[in-house]
Amino acid sequence: MFVTVSRKSNLLEKRFSKYLTKYLPGMNYLPRGKTPLLKFFKQALYLGHRYFLIVSSIKGNILLSVYALREDSYFLEREYLIEVIDLRHLKSFSYISSVNSSFNDLKKVFYFLEKKYLSLKSNFGVFQTSEENVFNFLENEEYLGFKFKIVKVSNFD
């Protein structure tokens, strides 16, 4: 699965996208530059990716747009408005990449991940905190430094 940013992206969008690819299994970050989205969509279609993610920002928050493959085209399926609370890593990215082969997502926040990576028995994943709609990444109940709040979810049919 590919993740890219809006054409005129800011540093927060780029960092959030890169962190997603490090913390979530099976994802690749594509730097956008002036490349049209159609070129990325064609590449994802060729490689058989079912979903495509685009990160942009609205008033200091992140807008994560999830595009789903239907009939040889990608259509906007869902958008998450996300408030980034903490965006850092307390362990090295190489370590995080080594433990993210099995991912626990009990609340199905990242429903678009391939089934082969999802396991409710995994000690690594995204877990809900005691605060409403606030999630963070943990490994063996140890905080890894990436925390966010889902402000709004929009579904498209």
Side-chain angles (χ1 to χ4, degrees), residues 1-6 9-33 35 37 40-41 43-57 61-69 74 76-155:
M1 176 181 334
F2 291 137
V3 177
T4 193
V5 293
S6 62
S9 59
N10 60 32
L11 185 60
L12 178 63
E13 293 173 32
K14 291 176 185 177
R15 281 190 66 208
F16 183 82
S17 300
K18 290 176 184 177
Y19 272 63
L20 273 184
T21 60
K22 297 299 182 186
Y23 280 87
L24 299 178
M27 297 183 73
N28 295 312
Y29 173 72
L30 296 175
R32 175 80 186 272
T35 308
L37 281 176
F40 288 144
F41 284 154
Q43 185 178 5
L45 181 65
Y46 176 76
L47 294 173
H49 294 300
R50 191 169 165 217
Y51 294 100
F52 190 95
L53 306 177
I54 299 175
V55 175
S56 56
S57 61
N61 289 331
I62 294 293
L63 183 67
L64 179 64
S65 302
V66 180
Y67 287 82
L69 179 64
Y74 285 95
L76 183 60
E77 182 177 88
R78 188 173 292 176
E79 284 184 333
Y80 292 98
L81 185 60
I82 298 173
E83 176 187 343
V84 178
I85 298 170
D86 191 6
L87 190 59
R88 58 188 170 136
H89 55 100
L90 301 177
K91 295 196 176 189
S92 69
F93 280 142
S94 59
Y95 176 78
I96 292 170
S97 296
S98 70
V99 298
N100 77 356
S101 60
S102 181
F103 190 79
N104 187 337
D105 188 3
L106 183 63
K107 295 289 184 178
K108 299 193 185 306
V109 176
F110 300 110
Y111 71 94
F112 44 79
L113 289 176
E114 292 183 37
K115 302 260 188 260
K116 67 181 179 181
Y117 298 120
L118 298 175
S119 170
L120 295 179
K121 295 178 183 175
S122 176
N123 294 326
F124 172 79
V126 63
F127 296 92
Q128 190 167 11
T129 65
S130 58
E131 302 171 59
E132 186 177 352
N133 295 329
V134 175
F135 298 89
N136 56 22
F137 285 88
L138 303 174
E139 188 221 356
N140 293 325
E141 298 182 12
E142 182 181 347
Y143 180 60
L144 296 175
F146 187 1
K147 187 176 187 179
F148 61 94
K149 178 179 183 176
I150 298 177
V151 178
K152 181 181 175 184
V153 178
S154 302
N155 290 319

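Just the heavy atoms: all of them, side chains too, but no hydrogens, waters or symmetry mates, feed the values below. A quick note: this is a predicted structure, and the numbers were derived from the prediction, not measured.
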Practice task
Show the numbers, then the answer: is there a side chain to side chain contact (heavy atoms under 4.5 Å, CB included) between I96 and F124?
Solution key: CA-CA 9 Å; I96 292 170; F124 172 79; 4.2 Å; yes
Practice task
Could you please spell out the steps behind the side chain to side chain contact (heavy atoms under 4.5 Å, CB included) verdict for H49 and L69?
Solution key: CA-CA 8 Å; H49 294 300; L69 179 64; over 6 Å; no
Exercise for the section: Go through L64 and V55 one step at a time and tell me if the side chain to side chain contact (heavy atoms under 4.5 Å, CB included) criterion holds. Expected result: CA-CA 5 Å; L64 179 64; V55 175; 3.7 Å; yes
Exercise for the section: Decide yes or no on side chain to side chain contact (heavy atoms under 4.5 Å, CB included) for N104 and F127, but give the supporting numbers first. Expected result: CA-CA 8 Å; N104 187 337; F127 296 92; 3.6 Å; yes
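A heavy-atom distance below 4.5 Å is found between the side chains of S57 and N10. No side-chain heavy atom of F2 sits under 4.5 Å from any side-chain heavy atom of F40. Contact check for F148 versus V126: side-chain heavy atoms found under the 4.5 Å cut-off. Side-chain contact check for K14 versus Y29: some heavy-atom pair is nearer than 4.5 Å.
A distance of 6.0 Å or more separates the ring centres of Y51 and F110. Residues F137 and F146 bring their aromatic ring centres within 6.0 Å.
Between S6 and I54 the shortest heavy-atom distance is N-CG2, 4.5 Å. For the residue pair R50 and Y74, the shortest heavy atom distance occurs at O-CE2, 3.8 Å. The two residues Y19 and H89 make their nearest non-hydrogen contact at OH-CD2, 3.0 Å. Contact record, T21 with M27: CB-O, 3.9 Å, taken as the closest heavy-atom pair. Summarising the geometry of S17 relative to V5, their closest heavy-atom pair is OG-CG1, 3.2 Å, with the distance given to 0.1 Å. Between F103 and L113, the shortest heavy-atom contact is CD2-CD1, 3.6 Å.
Between the CZ atom in F16 and the CG atom in L87 there is a gap of 7.5 Å [rounded to 0.5 Å]. The CZ atom of F93 sits 11.5 Å away from the CG atom of N100 when rounded to the nearest 0.5 Å. If you take CG on N133 and NZ on K152, they are separated by 13.5 Å, rounding to the nearest 0.5 Å. Here the CG-CG distance, from L144 to L138, works out to 6.5 Å after rounding to the nearest 0.5 Å. Atoms CG and NZ, from L81 and K149 in turn, are 10.5 Å apart once rounded to the nearest 0.5 Å. How far CZ of F52 is from CG of L45: 11.5 Å, rounded to the nearest 0.5 Å.
Applying the salt bridge (Lys or Arg N to Asp or Glu O under 4.0 Å) test to every pair with at least one member in residues 84-106, sequence neighbours left out, gives these pairs: D86-R88, K91-E139, K91-E142.
Ionic pairing of R32 and E13 is not present here: no N-O contact between side-chain nitrogen and carboxylate oxygen is shorter than 4.0 angstrom.
In this structure, R78 is positioned above the aromatic face of Y111, its NZ or CZ under 6.0 Å from the six-membered ring centre and within 45° of the axis.
The backbone N or O of V109 lies less than 3.5 Å from a partner atom in the side chain of Y80, making a donor-acceptor pair. Not a single donor-acceptor pair under 3.5 Å links the side chain of Y67 to the backbone N or O of F41. A distance-only check finds no donor-acceptor pair linking the side chain of S97 to the backbone of S94 [under 3.5 Å]. A side-chain donor-acceptor contact under 3.5 Å links T129 to the backbone of V134.
Scanning for side-chain contact (heavy atoms from CB on, under 4.5 Å) contacts around S119 gives S102, K121, S122, with sequence neighbours left out.
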